[in-house]
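What follows is a short report on a single structure.
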Number of protein chains: 2
Amino acid sequence: MQRKDYYAGNDKMYVATDCIVFGYSTDCLQLLIFPRKVEPHKGEWSLIGSFVKEDEHVRDAAERVLKEITGLDKVFFEQLKTYGDVDRDPGARCISVAQYALIRLGETDRKLVEGHGAYWYKLEDLPSLVLDHDELVRDALNELRRKARYQPIGFELLPEKFTLPQLINLYEVIYQKKLDPRNFRKKILSLKVLTKLDEKDKSTSKKGAYLYKFNREKYHQLLESGYHFEL
Amino acid sequence: MQRKDYYAGNDKMYVATDCIVFGYSTDCLQLLIFPRKVEPHKGEWSLIGSFVKEDEHVRDAAERVLKEITGLDKVFFEQLKTYGDVDRDPGARCISVAQYALIRLGETDRKLVEGHGAYWYKLEDLPSLVLDHDELVRDALNELRRKARYQPIGFELLPEKFTLPQLINLYEVIYQKKLDPRNFRKKILSLKVLTKLDEKDKSTSKKGAYLYKFNREKYHQLLESGYHFEL
DNA sequence: TATATTAAATGTAAACCGTACATTTATATA
DNA sequence: TATATAAATGTACGGTTTACATTTAATATA
């Protein structure tokens, strides 16, 4: 960068980004962690993260490191918040912009992930993590649940074509509780943001379940018309 | 700071915090802005902000600068999000952690504020601001409205004792629309988080309006019992 | 002391939405 | 043709939101 630095004299510091990467499988949410590669606390379990480079957008830094480890592009990403404690990182003054991601777990990713020394852990048997990362995970989980109530982010975690039973299961995993399939259907269909297809997925039953697509256009129309979306 | 820097070799950058300071008066929301003191864009309208120091919590930096300009301590503060574009600030690579604040406007503050060259502007006749600050304001306003729906942040903007007409007015100002006083009363009273006092405020009518206090304890009980608070 | 004025306080009926709950349907396989 | 399995569907009740008009308390004034 060759622009003039007008701000010389003020303090600079490290800016990191940490990614809370949730993986969805049909029975539970999982979290991607790996053994920290640098001192201090080298070898302890950590979220995936990276320092932000001077010529790099904070978001791009997160995408870069996630791509590196999972091979995934175009992942659903959302900023959580920035952790700014002076002593949060004993390695140096370093603030962290936390961002959470949602990924559908498939066999393909798993190998690449393990090749990088990372692992998927079920949320319920997560080990304790380095620095303030336990707090980041707690906050991200709350935010994920909050967000899932008001925005259809669940769709990011399903294939383009999905069945209603799959969708219900997803919300059950996120909320960690059983939902009534009749009421769930009624609610979600009343929003008119799903398009029913003429195909069935017969992989889980003899009868087969109709496939649906999420209609982003209708969803945005709904939002813009001031509708207060809630699941 | 004398701890060892384990991270030498990675990039450092400036970290700023910008404050979107909302002021509430009975007829409208206002925003605190001031002419930027440093190049580039010196003299143009800007949010109040500061560089975060190496030994300072990001939140403390915001409190410091706000105290300096308004004289106010213990202001309601909430982190909005972090703006991380590489080129957002032509002065240097600088990310900004935006935080918004809510202040009740009183004559006392106004003088101190003006002594620092800052001004309260009504939202509707806000001039355009420097860098990405227009975007920050837009985002903060959305977040404020969203938050006001789900959390009683409005109470931060009223004196400890307030009347229901005052509370209604506050929400009308935040949402920019008229609310039905009968339904509003019914709703807010049904939550049982207000304590009715035996005093009246007679400054706006002959009859006088009963004063109420916000009961934080009951509010937290409500939240912890899993209640989904909504106004 | 009676009357007028002003803002605060109150109630009710209809529409709507969330919830609880049990049966029928479509298809593959035995 | 019967059986087994998961998908799909409907209804009645209770609570909440909404729309809407009158009464009340207190001061000021005639």
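Please read all numbers here as calculations on a predicted model, not as lab measurements. Chain identifiers are assigned alphabetically (A, B, ...) following the order of the sequence lines, protein sequences preceding nucleic acid strands; residue numbering begins at 1 within each chain. Just so it is clear, the values below take in all heavy atoms, side chains as well, and ignore hydrogens, waters and symmetry mates.
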Note: for Gly208(A) and Lys186(A) on DNA chain C, the residue whose nearest nucleotide lies more 5' is Lys186(A)
Starting at atom [atom1] of [X], determine the distance to atom [atom2] of [N], rounded to an integer number of angstrom.
X         : N       : atom1 : atom2 : answer
Glu199(A) : dA7(D)  : CD    : P     : 17 Å
Arg182(B) : dT16(D) : CZ    : C1'   : 17 Å
Asp201(A) : dA8(D)  : CG    : P     : 10 Å

- prompt: Does any N or O donor sit under 3.5 Å from an N or O acceptor when you compare the side chain of Lys207(B) with the base of dA8(C)?
  reply: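 Yes.
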So [X], base contact, sugar-phosphate only, or nothing? Heavy-atom distance under 4.0 Å.
X         : answer
Thr163(A) : nothing
Thr204(B) : sugar-phosphate
Lys196(B) : nothing

Centre-to-centre under 6.0 Å for Tyr219(A) and Phe229(A), is that the case here?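 Yes, the ring centres sit under 6.0 Å apart.
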side-chain N/O Lys187(A) vs dG18(C) OP1/OP2, d < 4.0 Å: yes
Query raised in the report: Has Ser205(A) got a side-chain N or O lying under 4.0 Å from the OP1 or OP2 atom of dA26(C)?
Result: no
- Decide side chain to side chain contact (heavy atoms under 4.5 Å, CB included) for Arg59(A) and Gln79(A); before the verdict, give the C-alpha distance in whole Å, the side-chain angles of both, and the deciding distance to 0.1 Å. CA-CA 8 Å; Arg59(A) 192 192 162 90; Gln79(A) 197 183 113; over 6 Å; no
From the list Asp139(A), Asp132(A), Asp18(A), side-chain hydrogen bond (donor to acceptor under 3.5 Å, both in side chains) with Tyr83(A) holds only for Asp139(A)
Point to revise | By side chain to side chain contact (heavy atoms under 4.5 Å, CB included) - contacts of Lys74(B) (at least two apart) | key: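 With neighbours one apart ignored, the set is empty.
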